[in-house]
Amino acid sequence: MKEARVTEAPSAMDPIVLARLTGRLGDQATISRLCASLGDVFAEFLPDMLESELGFEVAVSYAGFSTGRYGPLVEGLGGAMACCDASLRDWCDRFTLICDSPMIITLVENMLGAVSDAIDDPEPRPLSKIELDLAAMMFDRISGVLKTAVMGANGFEPLLGPAHNAETRKATEDGSDETFVAMVNMAVGIGPVLSTFHVIVPQAVLLKSTITTPKPANAPKTRVEWSEQLGEQVRRSKVSLEARIRLEAQTLNTISRLQAGDIIPFNEAGDVRVEVNANGRNLYVCEFGRSGARYTVRVKDTYGSEEDILQHLIG
């Protein structure tokens, strides 16, 4: 009687070793050199470009790199960050740009006319809708420099997803959060405020990249064009308004018995005063009226100046 031979199933290859063999994970020395090259490009090119566009000094310097898997690396940065997923045809299907919130808040305050030296270091927090709109403009500048560094001036333009707060970010379902990536860390100084931005790229892409320093002539916008674009972006940003009308005082007994179809009179007998607010702050004093079949409010007065209202809405 022959004995049955038991053969052991071949053990699965270590995923780290497999990633190295297939070009999805590089050695630290190579990744360090490539990240430093990208960092040098941002440090050399972004300050002059931003200063010429914004009208105030911006210092940018390389602050090292980090490696890991996509999802945990992004999550490790914590909250109070603006994120943007992007792609660049013929280079990378998915890379991510991240700015910390103090950078965007300080940028907005400077663009609204604040003096850099007078700005306190902002507390990190989730950004408002308008601030996210402005973060998208900064992501456009950063991705433009990145594109020129890895593809030259004549390549495809990056496709940017919406800017969003890190708190709203969700894990992907396609497993891409497990991709091995490298994160280029950049320090940004605007006046006394020191902040950061990060560029996260799959190592498989980075290892195949040739990085060159773009020429200043590739700057996409002048200061006037940036300011006009910023102003237009602010004006196109949607803000939810709420109108409040004072009603005639009622007893608690009457209020508790109100039914559908009952009528509560307005407090005023003549023109009805309406207060319009946004984000919890009163903006306008209005009067109630109608235009055809639609109810309307007409602005009669404002709370504060145009700059006061704009500052409140952006924050």
Side-chain angles (χ1 to χ4, degrees), residues 15-53 58-71 73-74 77 83-99 136-161 174-188 196-221:
I16 300 295
V17 175
L18 180 60
R20 289 191 185 280
L21 292 175
T22 55
R24 294 179 290 112
L25 180 63
D27 61 88
Q28 285 292 97
T30 301
I31 296 299
S32 174
R33 174 177 54 81
L34 291 167
C35 288
S37 295
L38 268 180
D40 289 343
V41 170
F42 288 124
E44 180 176 342
F45 190 62
L46 271 177
D48 289 342
M49 184 189 77
L50 293 177
E51 184 174 348
S52 67
E53 295 179 346
V58 178
V60 180
S61 60
Y62 178 55
F65 74 102
S66 305
T67 58
R69 296 182 186 270
Y70 219 122
L73 203 60
V74 174
L77 293 174
C83 303
C84 174
D85 291 318
S87 64
L88 180 56
R89 185 175 174 181
D90 291 343
W91 183 66
C92 184
D93 292 335
R94 181 197 181 201
F95 62 95
T96 300
L97 308 174
I98 300 176
C99 291
M137 296 172 62
M138 182 56 69
F139 289 139
D140 177 72
R141 297 303 184 273
I142 295 171
S143 67
V145 174
L146 176 62
K147 169 255 180 182
T148 310
V150 299
M151 296 196 70
N154 299 320
F156 293 100
E157 293 301 317
L159 296 177
L160 303 183
D174 59 3
S176 60
D177 276 356
E178 293 302 308
T179 302
F180 291 103
V181 298
M183 180 167 66
V184 179
N185 305 314
M186 302 300 300
V188 180
T196 60
F197 75 82
H198 312 271
V199 179
I200 301 179
V201 181
Q203 291 192 30
V205 172
L206 191 61
L207 289 167
K208 297 178 181 178
S209 299
T210 300
I211 299 168
T212 57
T213 302
K215 298 179 181 179
N218 293 325
K221 294 284 188 292

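Any value given below was found using the heavy atoms of this structure, including those in side chains, with hydrogens, waters and symmetry copies removed.
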Is the closest side-chain heavy-atom distance between [X] and [Y] below 4.5 Å?
X	Y	answer
V201	W91	yes
F65	M183	no
L146	F95	yes
V74	I98	yes
L38	L206	yes
Y70	R94	yes
Y62	M186	yes
V58	L46	no

Which pair of non-hydrogen atoms, one from [X] and one from [Y], has the smallest distance, and what is that distance?
X	Y	result
A182	C35	CB-SG, 3.8 Å
I142	L97	CG2-CD2, 4.2 Å
S61	A43	CA-CB, 4.1 Å
L73	G68	CD2-N, 4.3 Å
A63	A187	CB-N, 4.1 Å
L88	E157	CD1-C, 3.8 Å

Inset, instruction - Can you sort out the partners of R89 under salt bridge (charged side-chain N to carboxylate O under 4.0 Å, His left out), two or more places apart, ordered by chain and number? - result: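 For R89, no residue satisfies salt bridge (charged side-chain N to carboxylate O under 4.0 Å, His left out) once neighbours in sequence are set aside.
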Rounded to the nearest 0.5 Å, how far apart are [atom1] of [X] and [atom2] of [Y]?
X	Y	atom1	atom2	value
Q203	S209	CD	OG	11.5 Å
D140	C84	CG	SG	9.0 Å
R141	F45	CZ	CZ	11.0 Å

Legend entry - With sequence neighbours excluded, residues passing side chain to side chain contact (heavy atoms under 4.5 Å, CB included) with T30: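 Partners of T30 under the side chain to side chain contact (heavy atoms under 4.5 Å, CB included) test: D27, R33, L34, L207.
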Inset, instruction - Check T212, V184, I211 against V41 for a side chain to side chain contact (heavy atoms under 4.5 Å, CB included) and give me the one that passes. - result: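 Option passing the side chain to side chain contact (heavy atoms under 4.5 Å, CB included) with V41: I211.
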